[in-house]
Every structure is written in C-alpha cells, then in structure tokens.
Amino acid sequence: MSDTGRRSAAEGPGTPEGRELSPAAVVLSGVVGGISLAVGGLLAVTGLFGYRAGAWVSPEALSPGLVGAAMLGVAPALFTIGRARVWEDVRSLALPLVTVLVGLFAVSLLNAGSLQAFHGGPVFLALFSLGWVATLGVLALAAVGCLAAQYRRPVGAVRPAGDGNFDGDGDHDGNGDGDHDGHAGHGAGGAPHRPVAPLPGWSKPLLAVLGSGWLGIGAGLLAFPGFWGPLVPWTVNRADAQGLGVWALSLGVGVLASLAEDDLARTRPALRAVPAVALALSVVLAVRAGSVDWASGPGVSLVALVAGLFVTGVAGRWLLSRAERRSTPG
C-alpha cells in the first residue's frame with residue numbers, strides 16, 4: 001500500500017493524532033473533580049458567609065473562599081476530560097491540574113505550623129486539615145505518575161477501542177508502518193499536527209500578556225511571599241499568599257499552554273474551565289468586596305486579570321464554535 005493509502009486508512013475522518021489518553025488520567029481527573037466539588041463548595045460557601053474554613057489558619061475568610069471558588073469552577077471541566085481520545089486535547093487543563101496538586105501539597109507541608117491541626121483549631125477543622133494534606137499527597141503523587149506514564153506513550157493516530165487492525169499492515173499499531181512499535185513511520189504521526197481552529201493572530205499577544213501576568217504573580221507569591229504577600233489587596237499570611245500563588249501560577253500555565261497549542265480544538269476542556277473559574281472568583285470577590293482595597297494598583301490588576309480570564313474563555317468558545325460550523329459540510 002502506498003504512503004498516501006496507509007495514511008488515509010490510519011487516520012480516517014475524525015481520527016485524532018497524538019498520545020492516546022491513558023485511563024488512569026481519566027480516572028484521576030474524575031476523582032479530583034469530585035473532591036473539588038465537595039471541598040471547593042465547602043470553602044467557597046463558608047467564605048461567602050465570613051467563616052474561615054481552610055486547612056490552615058487565615059486572617060480573613062476571603063483567601064480560603066477564593067481557593068474554594070477556583071476548585072469549584074474547574075471541577076465541571078475535569079469531568080469532561082474522559083471525552084477526549086488523545087493527551088494533546090486535554091493537556092492545557094491537565095498540566096495546570098498537576099501544578100495545583102503538587103503546589104498545594106508543597107505549600108501545606110512548608111506551612112505545616114499554620115495547619116488547623118497544629119494551631120489548636122476546632123476539631124472539625126483540625127481533622128479537615130489532616131485529611132487535606134493526606135489527600136493532596138496521594139493525588140499529587142498520582143498526578144506526577146500519570147504525567148510521566150502519559151509521556152511514555154507513543155505518538156500516532158488513535159482509533160476507538162475494538163477497531164482491530166485498522167491500518168492494513170498487520171501490526172495493529174495504527175501507523176501503517178508494519179513494525180509493531182507504535183511509532184509512526186510514514187503514517188499518521190509522521191506529519192505535524194494540522195490545527196482545526198488556529199488562534200487568531202490578534203489574540204496571541206493578549207493571551208501572552210494575560211498568561212504572563214498570572215504566571216508572574218503566582219511565581220512571586222509562591223517563591224517570595226514575604227515581599228509579594230503585602231501587595232495582595234487584602235490581608236493574607238504566608239500560607240494564604242503561597243496557596244493563592246499556586247492557583248495564580250496554574251492559571252498562567254493554562255493560558256500559556258493554550259497559546260502554545262495554537263489550536264482552539266485542543267483547548268476545549270480549558271475553555272470550559274476558564275470562564276467558570278472567573279465567575280466563581282467574581283462571586284466571592286463581590287460578596288466579600290469590603291475586604292478588598294479596590295482603589296490600589298493590585299486591586300485594579302486583579303479586576304483586569306479575572307476579567308481577562310472570563311473574556312478569554314467566552315471568546316475562545318465562540319471562535320471554536322464558529323470554526324466548527326464553517327468546517328461542517330452543508
């Protein structure tokens with residue numbers, strides 16, 4: 001069979017190219033999504049009513065409320081990861097997820113003295129803080145393991161399970177090269193990915209600024225909480241500053257990863273998460289508005305960054321829908 005024939009047989013209509021998404025990654029995202037709904041809902045609701053229910057002691061209810069809002073906002077998108085067939089279609093959401101799990105676990109250990117269990121907090125919160133650390137430890141280890149295993153998978157055309165020998169070369173590997181190794185020769189994985197819905201040129205500088213803003217603020221709060229913490233437009237302690245820094249860092253990673261993908265179709269889960277996170281953060285900030293110094297430079301910057309997330313998500317989904325309508329025959 002010619003190279004053209006092999007490629008046609010292997011790819012077919014709608015056959016994605018990339019690393020096949022591992023079942024472990026799907027299970028992990030579902031587990032984290034369920035935990036995020038429960039724990040995020042608890043932190044967000046208690047924060048709205050002025051109660052500090054975080055794993056560590058906080059000077060104000062706003063910080064744990066925002067952490068909970070971010071968890072609550074991203075949870076629905078995590079449940080959709082299983083719809084994808086290749087890793088490349090979900091990594092703009094999966095990489096920030098790994099960042100959050102590993103980052104929050106590290107922050108919890110670094111600020112162990114501020115945990116409710118070691119600070120003499122109420123019994124419920126003390127037990128909650130111990131469960132927080134234990135759960136984050138397990139999830140962070142699982143996330144790193146899944147990430148390493150995912151990148152060990154070969155790149156090629158991916159078909160649904162049960163299709164059998166779809167490449168016509170007798171090796172069942174889907175690349176049409178007949179060598180049983182799963183690596184593409186002249187077949188599906190040999191050509192570069194062709195974007196389904198490339199990012200508009202005008203959006204790339206805006207995404208770069210937005211992503212760099214979140215990434216820089218997150219890195220500053222995480223690495224230098226003593227310097228960056230006082231710049232937060234409400235009262236925070238070291239643990240709050242670093243916890244918020246982890247989430248800011250992950251948002252920056254997600255935005256910049258989407259920019260690097262340069263294909264809206266491959267950022268679909270992230271496009272679901274971003275506006276939901278922005279809305280959840282906005283609700284908590286609006287209800288606890290009295291705690292925020294809105295007239296300060298950091299307060300104005302916060303408004304711009306959260307609004308940028310929302311606009312990015314809504315505009316991205318609209319552009320993707322328009323591209324899909326244009327590509328649909330008839």
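Basis for what follows: all heavy atoms, side chains included, without hydrogens, waters or symmetry-related copies.
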Assess the residue pair Arg272 and Thr80 against the criterion (side chain to side chain donor-acceptor pair (under 3.5 Å)); give the C-alpha distance rounded to whole Å, side-chain angles, the decisive distance to 0.1 Å, and a yes or no. CA-CA 9 Å; Arg272 294 189 182 102; Thr80 68; 3.3 Å; yes
Is a donor on one side and an acceptor on the other found under 3.5 Å between the side chain of Ser22 and the backbone of Ala25? yes
Could you check if a side-chain atom of Trp56 sits within less than 4.5 angstrom of a side-chain atom of His119, using non-hydrogen atoms only? no
Which other residues end up in the same hydrophobic cluster as Leu37, if Ile, Leu, Val, Met, Phe, Trp and Tyr are linked when side-chain heavy atoms come under 4.5 Å apart? Leu72, Phe79
Check whether any side-chain N or O of Gln116 sits under 3.5 Å from a backbone N or O of Pro122 as a donor-acceptor pair, and report yes or no. no
State whether the side chain of Arg19 and the backbone N or O of Trp87 hold a donor-acceptor pair below 3.5 Å, judged by distance alone. no
Ring-plane angle category for Trp132 and Phe128, please: parallel below 30°, perpendicular beyond 60°, tilted otherwise. tilted
Could you tell me whether a side-chain N or O of Asn111 sits under 3.5 Å from a main-chain N or O of Arg238, the two making a donor and an acceptor? no
Would the distance check show the side chain of Gln242 and the main-chain N or O of Phe224 forming a donor-acceptor pair, the cut-off being under 3.5 Å? no
With a 3.5 Å distance limit and no angle check, can you tell me whether Glu60 reaches the backbone of Val236 through a side-chain donor-acceptor pair? no
Please confirm whether the backbone N or O of Val209 pairs with a side-chain atom of Ser212, one donor and one acceptor, at under 3.5 Å? no
With sequence neighbours left out, the residues meeting side chain to side chain contact (heavy atoms under 4.5 Å, CB included) with Val292 are Leu62, Pro233, Trp234, Leu285, Trp294
Is a donor on one side and an acceptor on the other found under 3.5 Å between the side chain of Arg52 and the backbone of Pro64? no
Between Lys204 and Asp262, is the closest basic N to carboxylate O distance under 4.0 Å? yes
With no hydrogens and no angle check, is any side-chain donor or acceptor of Asp263 less than 3.5 Å from a backbone partner on Pro198? no
When you measure from the side chain of Ser129 to the backbone N and O of Ala117, does any donor-acceptor pair fall under 3.5 Å? yes
